[in-house]
Amino acid sequence: MSQQGNNMNIEVFREQILQAAKSNTSLSIEGGGTKSWYGNANTSPKLDARGYSGILEYQPEELVITACAGTPLKEIEMALEAKNQILPFEPPHFGETATFGGVIASGLAGPARISAGNLRDFVLGARVMDGNGRDLSFGGKVMKNVAGYDVSRLLPGSLGTFALLLEASVKVLPRPAATATLRCYVTQDHALKLLNEWAGQPISLTASCWIGSTNPEEKGELTIRICGAIAAVHASATLISVSIGAKELDATTASGFWKNLREQKLDALESLSENETLYRLSLPAACGPLQALNMSPEIVLEWHGQQRWWKGPGDDETFNALKALANANGGHATRFRQGSDVNPSNQRFTLLSEQAHSKALEMVQKRLRAAFDPVGVFATNRLS
Amino acid sequence: MSVDPFTRTAVVQPGVRNLAISEAVAHLGLHYAPDPSSQIACSIGGNVNENSGGVHCLKYGLTLHNVLRVRAILMNGEIVEFGSLAPDSPGLDLLAVLMGSEGMLAVVTEVTVKLLPKPKLARVIMASFDDIEKGGNAVAAIIAAGIIPAGLEMMDKATTRAVEEFVHAGYDLEAEAILLCESDGTPEEVAEEIERMTEVLQKAGASGIQVSQDESERLRFWSGRKNAFPAAGRLAPDYYCMDGTIPRRNISTLLKRIHSMENKYGLACLNVFHAGDGNMHPLILFNGADQEEWHRAEEFGTEILEACVQLGGTITGEHGVGIEKINSMCIQFGEGERESFWGVKSAFDPEKLLNPDKAIPTLTRCAEYGRMRISGGKLPHPELERF
């Protein structure tokens, strides 16, 4: 049974936080546990965030939904579906039990991210409990709000290391009137050029994926998605299919493909041998095809090439080389998922101190955390 | 400083005017989307510090959504970069906190903005309503129909009359409210959207609907909205512009409350607003030479902001808190939140040297100037001495 906004459980959270502060221990916040493999490993005692669950407010004409962090993601998506609206950043579930809080804390977005924007762009406000047990609300439920610092937008991607998320208000959007998915076969270099060119034209290109070989001569499979008004989608789809001979996929195949890409269920992303790691590279639009030693001959490009998935050995040498490569191109690298034999205590993220022009922000970040969590109740090192 | 048409980005110095960016990239078929009404004069550095929006932000977002990277100097002299040209950066998202921070956290020295393809066509519908409530409901109905217009603005009768005399835009002077709904994109997209919006507006009870037939007519329909402020300046020696934001469904409730406040304070108020995002700009007319009238205008403004918070909104949508609205921060935020804001400030600027008087009130200030309502004889912060 759903415990709709049960405030009693907030007191339970407070107790647990104050107790942890007293005994100088950290708490690992967990919802449905579908993304517990993401980020640095930690063995801290768990705080189960599912006790505070339910949709608190949803007015479709306001384009805002407010829900407790423990609300199942499925419940939120069903409520939106009934009103023909969507979470525009297309969050991955990675399992049946994914929660709203987990979506925000992981900060992960799906194929639509390149056009719709990042998850944090849609967070309008949040209610959190900090490491002192204070119940705080930031931001609001309206589109525009510049009163006070935008603390609520520090939560996305913080992996539970900043504060306990209790509630969040996010902006939602109407489901586009029409969608078309097209596929063609081009080399990686050609795909990157086409995608950037299209993105500069009034075509509502909302997602792209190129899967193929890192050999520059070989063609790979480029799939793109166009969404918007019926007539506009038709006009753009015709223009693109004529210009590069792309074929339109039927609706079922298309939605299956985008869902599998989002959930990493495509063969190119899912199968991972014991010694392998799935690396994620986050890169500027200008970055061309990349080469690195020992990496898989197959690579997956999303977000017009700005998010790349590449399998390779899980050792530090490989990760360091990828970090250097991404950094040299203005981006960063992450050990996203690791095979069963790869050292679980590996550092998963690029650190601020490893990035040019970000070193001094490490101190800012440290002081910021201390302001909300002086004892370090949420300092699980999952992110750093 | 540089424009890259391939990656659709421009790197600019903070003093560059907002409109100058779109002008510089127009020949590439690109533009910088956030368009505050003051875009001819306001600078991008200021936009970052206020997280500015504009009439098109319902569809294209605020500054936050259109800036990729900000280079800034911290108070200890270190040069840092917030965000990056990649879709995300390591660590906490500090760029989001810098946005709208009113120069209190760091000094912005360079901004990398996202450029979007310039829409091929834009057309605007001008709809009249004989009742303000119908106008407010029409706004909600458009959004509920799954349409995100490029712009959705509303003016009340007092504003329409004031601006019509000034710009001769051809507004319906009998209408209690006028809605401007813009559609932009490819010609196919615009045709489809205009048809759907017209249908929704008719159902919502619009007493008159006109669709711009060409660019000059579109600009004429907009001219009144864009000239509301100078028109207000012709009606009274001074005006006080508020900037509250409320949920869209409460637009007509707030307008009715403002009308009764006009009687209470004996001052007139014009209402123009970004209806699509519930961002209201009530303009309170007064004579600043009269100290007592000035005081009444300030009280009037504070009451409007209180009403915004009561109706589920915020005291300021896009123009920042600065110094003027600092006391209203006490209405919106509790002690814990205000204390946390000081924590954020100190994390960036431990000595509190940057813009020290702006944006966050201290506890003492809230108690003294907060203009909170005392209900049931319970005085807020009874432990503090007052004057």
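In what follows, every heavy atom counts, from backbone to side chain, and hydrogens, waters and symmetry copies are set aside. All chains are named by letter (A, B, ...) in the order of the sequence lines, taking the proteins before the strands, and each is independently numbered beginning at 1.
- Between chain A and the options B:S89, B:G29, B:P5, heavy-atom pairs under 4.5 Å are most frequent for B:S89.
- Side chain to side chain, B:E193 and B:S183 meet the donor-acceptor criterion of an N or O pair below 3.5 Å.
- Of the listed residues (B:A96, B:G146, B:A144, B:S340), the one with the most heavy-atom contacts under 4.5 Å to chain A is B:S340.
- The parts of A:I230 that come within reach of chain B are both its backbone and its side chain, each placing non-hydrogen atoms under 4.5 angstrom from that chain.
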Notebook entry, point to check: Hey, mind stepping through B:L95 and A:R120 against side-chain contact (heavy atoms from CB on, under 4.5 Å) and telling me if it holds?
Noted result: CA-CA 11 Å; B:L95 177 61; A:R120 73 103 145 101; 3.7 Å; yes
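- Looking at B:L30, the atoms closer than 4.5 Å to chain A (heavy atoms on both sides) all sit in the side chain, from C-beta outward.
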For this session: Given salt bridge (Lys or Arg N to Asp or Glu O under 4.0 Å), test A:R113 with A:E302 step by step and report yes or no.
Result: CA-CA 10 Å; A:R113 187 265 172 258; A:E302 273 193 88; over 6 Å; no
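- Here B:I143 is the residue among B:D4, B:I143, B:I147 with the most heavy-atom pairs under 4.5 Å with chain A.
- B:T245 and B:N279 share a side-chain donor-acceptor pair at under 3.5 Å.
- The candidate with the highest count of non-hydrogen atom pairs below 4.5 Å against chain B, out of A:K83, A:H304, A:H332, A:Q306, is A:H332.
- Between A:F89 and A:F122, the ring planes are tilted. Angles from 30° to 60° get that label.
- The pair B:K352-B:D349 does not count as a salt bridge, with every side-chain nitrogen at least 4.0 angstrom from each carboxylate oxygen.
- Within the 6.0 Å centre-distance limit, the rings of B:F341 and A:F138 are counted as a close aromatic pair.
- Proximity to chain B is limited to the backbone of A:L192, based on heavy atoms less than 4.5 angstrom apart.
- Between the side chain of A:K171 and the main chain of A:V123, no donor-acceptor pair closer than 3.5 Å is present.
- Ranked by non-hydrogen atom pairs under 4.5 Å with chain A, the options B:A141, B:A145, B:A140, B:G278 are led by B:A140.
- Side chain to side chain, B:D88 and A:S282 meet the donor-acceptor criterion of an N or O pair below 3.5 Å.
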- Decide side-chain contact (heavy atoms from CB on, under 4.5 Å) for A:L325 and A:L290; before the verdict, give the C-alpha distance in whole Å, the side-chain angles of both, and the deciding distance to 0.1 Å. CA-CA 8 Å; A:L325 181 67; A:L290 297 175; 4.0 Å; yes
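- Comparing B:I142, B:V190, B:I148, B:I79 by how many heavy-atom pairs each has under 4.5 Å with chain A, the most go to B:I148.
- At a 4.5 Å heavy-atom cutoff, the contact between A:L361 and chain B is made by backbone and side-chain atoms alike.
- Contacts between A:N118 and chain B at a heavy-atom distance below 4.5 Å involve the side chain alone, from C-beta outward.
- Proximity to chain B is absent for every atom of A:S152, based on heavy atoms less than 4.5 angstrom apart.
- Checked for salt-bridge contact, A:K323 and A:E354 meet the test: a charged N lies under 4.0 Å from a carboxylate O.
- Residue contact with chain A, scored on non-hydrogen atoms closer than 4.5 Å, involves the backbone of B:K118 exclusively.
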*Determine, step by step, whether B:E339 and A:R134 satisfy the salt bridge (Lys or Arg N to Asp or Glu O under 4.0 Å) criterion, reporting the C-alpha distance in whole Å, the side-chain angles of both residues, the deciding distance to 0.1 Å, and the verdict.*
CA-CA 11 Å; B:E339 228 175 77; A:R134 292 186 302 181; 2.9 Å; yes
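- For chain B, no part of A:D130 is nearby; none of its heavy atoms comes within less than 4.5 Å.
- Salt bridge B:R249/A:E62: present, at least one basic N to carboxylate O contact under 4.0 Å.
- Residue contact with chain B, scored on non-hydrogen atoms closer than 4.5 Å, involves the backbone of A:Q201 exclusively.
- Comparing B:T186, B:L64, B:L98 by heavy-atom pairs within less than 4.5 Å of chain A, the highest count is held by B:L64.
- Of the listed residues (A:G200, A:A177, A:G331), the greatest number of heavy-atom pairs within a distance under 4.5 Å of chain B belongs to A:G200.
- Side-chain atoms of A:T66 and A:S169 form a donor-acceptor pair, as typed in the model, at a separation below 3.5 Å.
- Heavy-atom neighbours of B:K59 NZ from other residues, nucleotides or ligands within 6.0 Å: above the threshold of 12.
- Interface remark: of the candidates A:G117, A:P202, A:G157, A:P202 forms the most heavy-atom pairs closer than 4.5 Å to chain B.
- Remark: the A:R175 side chain and the A:Q85 side chain contain no N/O donor-acceptor pair separated by less than 3.5 Å.
- Only the side chain of B:S84 comes within contact range of chain A, with heavy atoms under 4.5 Å apart.
- A centroid separation of 6.0 Å or more is found between the aromatic rings of A:F349 and A:F319.
- When the heavy atoms of residues 66-76 of chain B are compared with those of chain A, the residues falling under 4.5 Å are B:R71, B:L74, listed by number.
- For B:T9, no part lies near chain A; criterion is any non-hydrogen pair under 4.5 Å.
- Minimum interatomic distance between B:G313 and B:P247 (heavy atoms only, all atoms of both residues): N-CD, 4.0 Å.
- Ring centroids of A:F372 and A:F162 are separated by less than 6.0 Å, placing the two rings close together.
- Contacts of B:P187 with chain A are absent, with no heavy-atom separation under 4.5 Å from either backbone or side chain.
- Salt bridge A:K359/B:E78: absent, no basic N to carboxylate O contact under 4.0 Å.
- When heavy atoms are compared at a cutoff of 4.5 Å, B:P119 does not approach chain A at all.
- The environment of A:Q347 atom CD is dense: over 12 non-hydrogen atoms of other residues, nucleotides or ligands sit within 6.0 angstrom.
- Ion pair B:D93/A:R153 not flagged as a salt bridge, since none of the NZ, NE, NH1 or NH2 atoms sits closer than 4.0 Å to an Asp/Glu carboxylate oxygen.
- Looking at B:E192, the atoms closer than 4.5 Å to chain A (heavy atoms on both sides) all sit in the side chain, from C-beta outward.
- For A:Q59, the part sitting under 4.5 Å from any heavy atom of chain B is the side chain, from C-beta outward, and nothing else.
- Contacts of residues 362-371 of chain A with chain B at a heavy-atom distance below 4.5 Å involve A:V364, A:Q365, A:R367, A:L368, A:R369, A:A371, listed in sequence order.
- Proximity to chain B (any heavy atom under 4.5 Å) is restricted, for A:A235, to the side chain, taken from C-beta onward.
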